[in-house]
Protein chains: 2
Amino acid sequence: MQKEHNLSKNQKIIFDLIDKSGEPMKAYSILFNVQKKGIKAPLQVYRALDKLVEIGKIHKIESRNAFIACQNSSCQVSKATAFSICESCENVSEISNSKLSKYLSNFSDDSGMKYSKYNLEFFGLCKKCKSK
Amino acid sequence: MQKEHNLSKNQKIIFDLIDKSGEPMKAYSILFNVQKKGIKAPLQVYRALDKLVEIGKIHKIESRNAFIACQNSSCQVSKATAFSICESCENVSEISNSKLSKYLSNFSDDSGMKYSKYNLEFFGLCKKCKSK
DNA sequence: AACGTTATGTAATAATATAACATTTATAAG
DNA sequence: CTTATAAATGTTATATTATTACATAACGTT
């Protein structure tokens, strides 16, 4: 059962924007888009982003410094994320593949480390861009 | 057989520094460290870093905006990278696990994308930090 | 109501990265 | 060896991404 997180005002404004856009958004582009709603400073954006990442409503695409809404309803926390990224059109989508996530969540090597989290980014050309 | 890349002067200075440090280094820390060698501007550092990443001599740890020397002698190009990162002491090491790299290099889903590259970052606590 | 926690507002600044342009050095082809 | 081309360098300025510090307000318990 999913814990209901009551988003605060700023968190809600920023989540809704990212969610509606459907694609990765950068912090300052978010800022620009929410200024009419009274959010004026970068820090207000970053604080909301931090919280939204923490509770798994959005994920950060590390290689792009951008944030995308979680596309996986069962994903409560950002502790096991995988994305496919088109290097031409920059389309990003979240990969939900249970085999992959099982494989990675159970992965261990001889370092003695127990991994509690991972982030994976695949790069390539999407269907559209390949056929150009 | 490995293609020999003749590093240029700046590339060599910067690679040697990162390689000797044995840990991830940030661009401006690199800059600070090579100023005595005549490298004065961020761009000189970033250009060398770009090239070194391109030829696989170093990798970028995306979640940390830092660069580490490749620890895997067979790694010619940065197209299949995996790291373990301790969230407490920030120790980073490159994972060379042939099963893992095979699994990920061959991974495909139903998106129609053919992935040519990936980057994976595992997070957790290293042995030392766990026992504290 | 009193307390602790979470969120907000605001200004300043730090840290990371790139654009634009001029020049020099290395590589390769004739 | 010299011309052409690509790769690397030098330099200044600026863009982009992110955090520190401090003050105030709202929320959730008990």
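Fair warning: this is a prediction, and the values are worked out from it, not measured in the lab. We name chains A, B, ... by the order of the sequence lines, and we start the count at 1 in each one.
The pair E121(B)-R64(B) does not meet the salt-bridge criterion, since no charged nitrogen lies less than 4.0 angstrom from a carboxylate oxygen.
Listed pair N65(B) / dT17(D) fails the phosphate criterion, with no side-chain N or O lying under 4.0 Å from OP1 or OP2. Between Y46(A) and dA18(D) there is a side-chain N or O to OP1 or OP2 distance below 4.0 Å. Of the side-chain N and O atoms in K60(B), one or more sit less than 4.0 angstrom from OP1 or OP2 of dA17(C).
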Dump the pairs, protein N or O against N or O of nucleotides 28-30 of chain D, anything under 3.5 Å, distances to one decimal.
none

Polar atom pairs (N or O), protein with nucleotides 9-13 of chain C, under 3.5 Å:
| unit_1 | atom_1 | unit_2 | atom_2 | d |
| --- | --- | --- | --- | --- |
| dG9(C) | OP2 | N10(A) | ND2 | 3.1 |
| dG9(C) | OP2 | Q44(A) | NE2 | 2.4 |
| dG9(C) | O5' | Q44(A) | NE2 | 3.4 |
| dG9(C) | N7 | R47(A) | NH2 | 2.5 |
| dG9(C) | O6 | R47(A) | NH1 | 3.0 |
| dG9(C) | O6 | R47(A) | NH2 | 3.4 |
| dT10(C) | OP2 | K40(A) | NZ | 3.2 |

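Of the inter-residue distances, the one linking M25(B) atom CE with I58(B) atom CD1 reads 11.0 Å to the nearest 0.5 angstrom.
S131(A) contributes a side-chain N or O that, together with a main-chain N or O of K128(A), makes up a donor-acceptor pair within less than 3.5 Å. With D19(B) contributing its side chain and F15(B) its backbone, the two residues share no donor-acceptor pair below 3.5 Å. Under a 3.5 Å cut-off, the side chain of K51(B) and the backbone N or O of S8(B) do not form any donor-acceptor pair. A donor-acceptor pair is defined here as one N or O able to donate and one able to accept, closer than 3.5 Å; such a pair exists between the side chain of K130(A) and the backbone of G112(B).
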Handout entry: Worked verdict on I55(A) versus L7(A) for side chain to side chain contact (heavy atoms under 4.5 Å, CB included)
Key = CA-CA 10 Å; I55(A) 64 180; L7(A) 300 184; 3.7 Å; yes
Can you give each donor-acceptor pair under 3.5 Å made by side-chain atoms of residues 40-50 of chain A, sequence neighbours left out, with the distance rounded to 0.1 Å?
| unit_1 | atom_1 | unit_2 | atom_2 | d |
| --- | --- | --- | --- | --- |
| Q44(A) | OE1 | K40(A) | N | 2.8 |
| Q44(A) | OE1 | A41(A) | N | 2.9 |

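Look at CZ on R64(A): it is 17 Å from P on dT16(D), rounded to the nearest Å. Following rounding to the nearest Å, F15(B) (CZ) and dA8(D) (P) show an atom-to-atom distance of 16 Å. Distance L31(A) CG to dT19(D) P: 15 Å, rounded to the nearest Å. Note: CG (L7(A)) to P (dT6(C)) measures 15 Å, nearest angstrom. Distance, K51(A) NZ to dT5(C) C1': 10 Å, rounded to whole Å.
Relative orientation of the F122(B) and Y118(A) rings is perpendicular, given thresholds of 30° and 60° on the angle between their planes.
When each of dA18(D), dA7(C), dT9(D) is scored by its nearest atom to the side-chain atoms of S8(A), the top-ranked nucleotide is dA7(C).
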